[in-house]
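Beneath this line is the structure, given in structure tokens, with notes to follow.
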Amino acid sequence: MQMINPDFSVLSDDFAADPYRYFASLREQSPVHYEPAIDSYFLSRYQDVKRVLTDHAAFTTETLQVRAEPVMRGPVLAQMTGAEHTAKRKIVVRGFTGQALQDQIRAVHTNAAELIAPFLPRGKVDLVNEFGRPLAVYVTLDVLGLDKKDWQQVAAWHSGVAEFITSLSLTPERRRHCLECAEQLEAYLVPVIEERRRHPGEDLISMLCSAEFDGIAMSNRDVTALIINVLAAATEPADKTLALLFKHLIDHPEQLARVCQDPTLLPAAIAETLRYTPPVQLIPRQADQEAVFAGITVPAGATVFCMIGAANRDPDAFTAPDTFDIHRPDLGTARSFTAAAQHLAFGTGLHQCVGTAFARAEIETVAALLLPLLEQARYSPGFHYRETGLYTRGPVALSLDFTPVHDMPLHSGASRGRSTH
Ligand code: 2IO
């Protein structure tokens, strides 16, 4: 086990290279780890993380005013409380369920089939850069009803926004760059919102504009913040989860073989991927009052980071937590995409991810489509696996070789749906 020295830092290059190496030591030797450079506390034990995410009075989301609002151009759902939160959350849930979700799944299938097609005869693809990342952006643009011809511009603005919310510290120059991206994204979105208010369509933006719950409706500022939030939340973790799922399956050939024989095991494989390597590693909160964890006092007003990756590998919550096992009985796959999930990849409590059902449908659809193709896949010769990110974390690339396919019937059924080109 690594020793946590007094000069150990989660901001070090060493930690960034492989945080998983340090999680057990953090949980055992420094479960409330203070980082003076950013005046924040890092919690790594499952019970402590769960307590922070469920005790909403003691641990608030107020820190998002500085961590998210400047680039979201308004308050996001996670910042809201009480009746306003309940009403607006219901509006967003409605945007990701029922017929809306069915249309979104069709868009996922269509985009995935189109994006993978050129790689089939080549038998070679980088699952992150050539497939997963553009897919995540295309799908999100379709869900929002935005024009895909602008995708590179929107993706560039989005990466500035994502950099802001997922950085633990930013230089003044980077901060300015991120804020500029956000301002330009807002300037691009506001005319779209106004147009959708006049002529609503079937897309999420139109729905957010017109929906009302208990007399509470969304303002332009709310809609802008939510769209930017959806853009970040549906894009940032999606390619990472997909690439991590296939990486773990390729690294565990016997489990890959089982999933290929019986694709009903896919949800379990996805849930275990989310537990084992959650794409969102940190969730920030603010201590409203002084709090004690493992005998250590966190002062009132402190910023507290829940370490999701460390909590998901706590032996107090999961048996043999460092083993990837899609059959593990303690995961409770059936609950893994609900409020009762045992893993904490979607957070937990009142602010648990509102896009969970969409995320599940998206990754299941794409994974089912790729599975027959990648059954025999292996890492491309010379490929060196590497991950980056402390806040959101995932593979830099995943270069795979597979048996070339010249006439794969990808276009059956679901791909005949609506596509907004
Ligand atoms: C701005 C890290 C992309 C969310 C936050 C309130 C966003 C919120 C998350 C995830 C993923 C982002 N937080 N999704 O951790 O909507």
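Atoms within a ligand are numbered from 1 in the order they appear, just like the ligands themselves. The first residue of the sequence shown is numbered 1, and numbering continues consecutively from there.
- Salt bridge annotation for Glu69-Arg221: present, with a cationic side-chain nitrogen under 4.0 angstrom from a carboxylate oxygen.
- Ligand 1 lies less than 4.0 angstrom from a heavy atom belonging to Met72.
- Against a heavy-atom cut-off of under 4.0 Å, Ala68 is close to the following atoms of ligand 1: 1 (C).
- The shortest distance between side-chain heavy atoms of Leu390 and Phe305 does not fall below 4.5 Å.
- With sequence neighbours excluded, the residues satisfying ring pair (Phe, Tyr, Trp, His ring centres under 6.0 Å) with His85 are His351.
- Using a 4.0 Å threshold on non-hydrogen atoms, atom 1 (C) of ligand 1 counts as touching the protein.
- If you number the atoms of ligand 1 from 1 as listed, the ones under 4.0 Å from a heavy atom of Val280 come out as 11 (C), 15 (O).
- In this structure, Phe59 has its ring center closer than 6.0 angstrom to the ring center of Phe293.
- Closest protein heavy atom to atom 12 (C) of ligand 1: Ile165 CD1, 4.4 Å.
- Among pairs with a residue in residues 184-196, those fulfilling side-chain hydrogen bond (donor to acceptor under 3.5 Å, both in side chains) read Arg73-Glu186, Asp150-Tyr188, Trp157-Gln184, Glu195-Arg198, Arg196-Asp203, at least two apart in sequence or across chains.
- When side chains are defined from C-beta on, Met307 counts as touching Leu282, because their heavy atoms get closer than 4.5 Å.
- Closest to atom 14 (N) of ligand 1, if we only count protein heavy atoms, is Ala233 CB, 3.5 Å.
- Of the protein's non-hydrogen atoms, the one nearest atom 3 (C) of ligand 1 is Ala232 O, 3.7 Å.
- Those atoms of ligand 1 with a heavy atom of Val76 less than 4.0 angstrom away are 6 (C).
- A salt bridge links Arg313 with Asp322; the closest basic N to acidic carboxylate O contact falls under 4.0 Å.
- The Asn229 neighbourhood of ligand 1 comprises atoms 4 (C), 7 (C), 16 (O), with distances under 4.0 Å to a heavy atom of that residue.
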